[in-house]
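Lettering of chains follows the sequences in order, A, B, ..., and the numbering in each one begins at 1. Computed from a prediction, not measured in an experiment: that's the story for all the values here.
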Protein chains: 2
Amino acid sequence: MLTEERHQLIRDQLAADGKVLAGELASRFGVSEDTVRRDLRELAKAGQLRRVYGGAVASAPFAAATLSQRSGHAVEEKTRLAKAAVGLLVAGQSLFIDGGTTNEAIARAIPRDMELTIATNSLGVASALADRPLVELIVLGGRYVPELGTCVGADTLAAVAQLGADLFFLGSCGLDAARGVTAFDSAEAEVKRAMAKNSAGIVIAVTNDKLATAAPYRVAGADAIRHLVVEKTAPAATLADFQSQGAQIHFA
Amino acid sequence: MLTEERHQLIRDQLAADGKVLAGELASRFGVSEDTVRRDLRELAKAGQLRRVYGGAVASAPFAAATLSQRSGHAVEEKTRLAKAAVGLLVAGQSLFIDGGTTNEAIARAIPRDMELTIATNSLGVASALADRPLVELIVLGGRYVPELGTCVGADTLAAVAQLGADLFFLGSCGLDAARGVTAFDSAEAEVKRAMAKNSAGIVIAVTNDKLATAAPYRVAGADAIRHLVVEKTAPAATLADFQSQGAQIHFA
DNA sequence: CTGTTTCTTGCATGAATAGGCAAAACATGC
DNA sequence: GCATGTTTTGCCTATTCATGCAAGAAACAG
């Protein structure tokens, strides 16, 4: 195994998990811990990670975001959903991705060697994609809302209006077969509606607790959902309702 | 087998796998490792791959290195500059902050209890400010440039045109008393000019190595600089030139 | 404070590499 | 055909590089 390969794998795991352990890497790569430590030292010197006792953590300005999110809720489920959702992608597509921790997990799960054009109003998603060399990243600016982690407002809407996408990864929403997709904030709903209007298909990845819940602001009908990515344990009855309205169900 | 044939096969495998091993290629082509190494050397000289011990990898699309490399450099100096620069702020002001690692340090140094309105086209700056409860953050979207860590383009310019600020923290630039403020990229320079035009004063914080250097694209004259934050060890003669054109000098 | 884990440093070893050299393959002109 | 010059290739040698090991230092946990 090339030294450079190890470095790349370490960078990848840092981007995905926010941390690496020296011993774990050593056994994974089949080299001594000394070698791994040397790797970590070099990467640290290049500013690509921050050395800590036992391993290393991401050092980028985005480390905080990544880490704080890791400590959040239902991380494993979201990572599984993300991996399944990424399976829907085809190289060369253009995407809208809006906010939410699941969407951030999806952004991190996008392979580094896939060429895509991605427009997002989420800082977390943008940060996760910032170092993907093959991703043409378009940041949708506007007034930043800390509670959502996304930009909203007239500027955001204007930027969305100029773009089109094959798929729209719609996140942080309520989901109900009867009421469709709903959002918790008026301005956020406006942006979601604009993205939905300008994209060919909507993809929604949700954990079970979001299924069959509704928020005040209506974004789109359930029949607008092209792909629904859910946990294996999702209630079959609910899924059938969405399926009957045209959604393809994908299990993580 | 023709030399050119081997070169093409090497390029093919690099595109497919991202790496090649010298020994493996030698046995596959039925030539000595020396010949393969010569091939790799030539291709590396032509910039088509990056030579590493044991073989070669796909040439770095620059993005990974450029920004993160810089972030590792002169961290302490930049932190000191940032603390001094933050001293110029007054609660209630509105700011433009553009890209560069020094500006990211400044963003991190902004006290959490200070109320400000901040517009930025830098993902790093935006991420640093995302959790400041009293900062009204406006993200200036556009096409993201990995090498700069900022958004540029028509969308960015349009967003800047709608805003005004008391201070503009101008970063990642060349600085020369005669040529003024210069940028390394045409689109970047455009955004900086727009921000300069719409702000009442320009603040520049630079490490010594940026002083008395010039880049291709002109942003503003030296007389446009209101505040110049420099290291204590900055050469006095250079500082005098800026001072005579109206800049206030602040030592970190 | 004590023991354990992790980290750095120096060193030895083997693999990979660059440069020099000569033979072979190839092209070119007579 | 023959002679000449060029290019390619493989081999040899000195050097550089990556790695693991050992010893001492530092960080951590109890």
Fill in the blank from the handout: Nearest-nucleotide check on DNA chain D, B/D34 vs B/L2; residue mapping nearer the 5' end is B/L2
Handout entry: First of B/Y53 and B/T3 reached from the 5' end of DNA chain D, by closest nucleotide
Key = B/T3
Between [N] ([atom2]) and [X] ([atom1]): distance, integer Å:
| X | N | atom1 | atom2 | value |
| --- | --- | --- | --- | --- |
| B/E5 | D/dT9 | CD | P | 11 Å |
| B/E33 | D/dC17 | CD | P | 18 Å |
| B/F29 | D/dG10 | CZ | P | 12 Å |
| A/M1 | D/dC17 | CE | C1' | 18 Å |

Exercise for the section: Classify the side-chain pair A/K78/A/T101 by whether it contains a donor and acceptor separated by less than 3.5 Å. Expected result: yes
Handout entry: Any side-chain donor near an acceptor of the partner, B/E42 and B/T3, under 3.5 Å
Key = no
Practice task
Using a cut-off of strictly less than 4.0 Å, decide whether A/R6 has a side-chain nitrogen or oxygen near OP1 or OP2 of D/dT19.
Solution key: yes
Problem - Phosphate OP1/OP2 of D/dG10 contacted by B/T35 side-chain N/O (<4.0 Å) - result: yes
Problem - Residues touching DNA chain C, which here means a heavy atom under 4.0 Å, drawn from residues 36-44 of chain B - result: B/R37, B/R41
Completion exercise
Heavy-atom nearest nucleotide on DNA chain C taken for A/G55 and for B/G55; more 5' hit belongs to A/G55
Exercise for the section: Hey, can you tell me if B/H227 and B/H250 have their rings parallel, tilted or perpendicular (30° and 60° cut-offs)? Expected result: tilted
Handout entry: B/Q8 CD: over 12 foreign heavy atoms closer than 6.0 Å
Key = yes
Problem - For B/C151, the option from A/L137, A/I138, A/V139 that meets side chain to side chain contact (heavy atoms under 4.5 Å, CB included) - result: A/V139
Exercise for the section: Answer yes or no: is there a donor N or O on one side and an acceptor on the other, between the side chain of A/D98 and the main chain of A/G171, under 3.5 Å? Expected result: yes
Exercise for the section: Return the nearest nucleotide to the side chain of B/V31; candidates are C/dA18, C/dC7, D/dG10. Expected result: D/dG10
